[in-house]
Number of protein chains: 2
Amino acid sequence: MTGTLAQTQRPGPSRRPTRQRKALAAVLAGTSEFRSAQELHQLLCAAGQSIGLATVYRNLQAMATEGEIDVLRVDDGEALYRACRTEEHHHHLVCRECGRTVEVEGPPAFEAWSDQVSAEHGFRDVTHTLEIFGTCSAH
Amino acid sequence: MTGTLAQTQRPGPSRRPTRQRKALAAVLAGTSEFRSAQELHQLLCAAGQSIGLATVYRNLQAMATEGEIDVLRVDDGEALYRACRTEEHHHHLVCRECGRTVEVEGPPAFEAWSDQVSAEHGFRDVTHTLEIFGTCSAH
DNA sequence: TTATGTGCAAAGGGTTTGCACTCCG
DNA sequence: CGGAGTGCAAACCCTTTGCACATAA
């Protein structure tokens with residue numbers, strides 16, 4: 001979950017609503033699963049869209065930087081992407097079989113606990129990762 | 001954090017206390033920082049040890065499988081390794097500057113919360129990742 | 001027009017693997 | 001001796017980048 005701090009920056013690509021960017025956004029908007037860049041690329045191609053893999057990567061990176069999508073790193077080092085429903089800070093309950101994801105709030109007083117533990121050990125500027133992985137009812 | 005479920009399996013390498021394996025274990029035992037495989041390899045070489053990078057990877061993988069060390073995936077996809085102090089389940093407070101790490105317990109009733117949220121959405125066999133990243137007092 | 005975005009293919013960086021050789025047991 | 005472990009280099013995979021061409025504004 002990359003910092004998720006960036007806002008209205010304008011580095012990399014994507015400000016211009018190109019055909020490719022819109023198609024990618026549409027696919028992301030239409031799924032509740034975390035998907036890899038390569039999967040998204042395949043989905044687009046399968047849907048008849050013509051788009052380069054590099055373009056998918058560049059747009060995903062830009063969308064992530066602008067906080068439009070969430071990024072998740074899985075065990076094998078692959079990055080998975082998904083459009084956030086809520087703007088606010090949240091966590092995920094992810095199916096390890098199909099990637100289906102539910103956005104959830106953290107446990108009660110989680111932020112407070114995090115701040116306290118960090119302070120106790122002299123750590124500052126803290127961020128955290130908290131995700132739950134399981135097998136959903138469909139599997 | 002690979003499943004961390006494996007136990008007394010005996011696939012990959014490392015059961016035999018070879019010179020290389022012992023040297024790697026020694027370095028891991030002597031540091032409280034999460035280190036990448038490449039860093040560990042460099043440390044070993046710098047210490048006058050002769051060891052192949054592949055051997056480092058193979059042993060780290062084996063040690064992780066057997067639960068002897070913790071694995072952490074960072075944002076750029078790199079895997080970091082560290083010898084656990086406690087056998088029990090725990091989380092980490094990691095300095096993003098130097099890798100210095102403190103083992104911490106999860107927030108109160110964290111497991112219960114996780115189980116409840118999972119159950120509510122029909123997920124089973126759940127695991128979770130919960131780590132805090134910050135800057136330690138030395139930086 | 002013109003900066004921004006795209007495509008392709010090559011380059012990167014971390015990690016894994018095939019195979020012959022070494023060494024522990 | 002005999003198989004587990006090692007080293008090296010090639011192979012892999014995901015991701016990024018250089019550069020010429022296309023395109024939204």
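A, B, ... follow the sequence lines: proteins, then strands. Residue 1 opens every chain. Everything numeric in this text was worked out from a predicted model, so none of it was measured.
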Counting just side-chain N and O atoms, does [X] come under 4.0 Å of either OP1 or OP2 of [N]?
X: A:T55; N: C:dG5; answer: no
X: A:Y57; N: D:dT15; answer: yes
X: B:Q61; N: C:dT16; answer: yes

In whole Å, what is the span from the [atom1] atom of [X] to the [atom2] atom of [N]?
X: A:L72; N: D:dT15; atom1: CG; atom2: P; value: 12 Å
X: A:Q20; N: C:dG5; atom1: CD; atom2: P; value: 11 Å
X: B:D76; N: C:dG12; atom1: CG; atom2: P; value: 18 Å
X: A:E78; N: D:dT16; atom1: CD; atom2: P; value: 12 Å
X: A:H41; N: C:dT6; atom1: NE2; atom2: C1'; value: 12 Å
X: A:K22; N: D:dT23; atom1: NZ; atom2: C1'; value: 12 Å
X: B:L53; N: C:dT17; atom1: CG; atom2: C1'; value: 13 Å
X: B:Q42; N: C:dG13; atom1: CD; atom2: P; value: 14 Å

Look at A:R21 together with A:E68 and state whether they make a salt bridge at an N to O cut-off of under 4.0 Å.
yes

Between A:R96 and A:E33, is the closest basic N to carboxylate O distance under 4.0 Å?
no

Could you see if A:L72 belongs to whatever hydrophobic cluster contains A:L93? Use Ile, Leu, Val, Met, Phe, Trp, Tyr and a side-chain cutoff under 4.5 Å.
no

Quick one, give me the B/S/- string for nucleotides 18-25 of chain C, reading 5' to 3', where B means a protein heavy atom under 4.0 Å from the base and S means that only happens at the primed atoms, P, OP1 or OP2.
B----BBS

Close aromatic pair by centroid cut-off 6.0 Å: A:H92 and B:H128:
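No, too far apart.
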
Assign A:S50 to base, sugar-phosphate, or nothing according to its heavy-atom contacts below 4.0 angstrom with the strands shown.
sugar-phosphate

Quick one, B:T55 with B:Q20, criterion side chain to side chain donor-acceptor pair (under 3.5 Å). Give me CA distance, side-chain angles, the key distance, then yes/no.
CA-CA 8 Å; B:T55 299; B:Q20 294 86 334; 5.9 Å; no

Report yes or no: does B:R73 contribute a side-chain atom to a donor-acceptor pair with the main-chain N or O of B:G77 at less than 3.5 Å?
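Such a contact is found between B:R73 side chain and B:G77 backbone.
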
Any pair with a residue in residues 40-52 of chain A that passes side-chain hydrogen bond (donor to acceptor under 3.5 Å, both in side chains), sequence neighbours left out, goes on the list, sorted by first then second residue, please.
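Residue pairs passing side-chain hydrogen bond (donor to acceptor under 3.5 Å, both in side chains), neighbours aside: A:R19-A:Q49.
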
Counting side-chain heavy atoms from C-beta on, which of C:dT6, D:dT6, C:dG7 comes nearest to A:I51?
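Of C:dT6, D:dT6, C:dG7, C:dG7 is nearest to the side chain of A:I51.
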
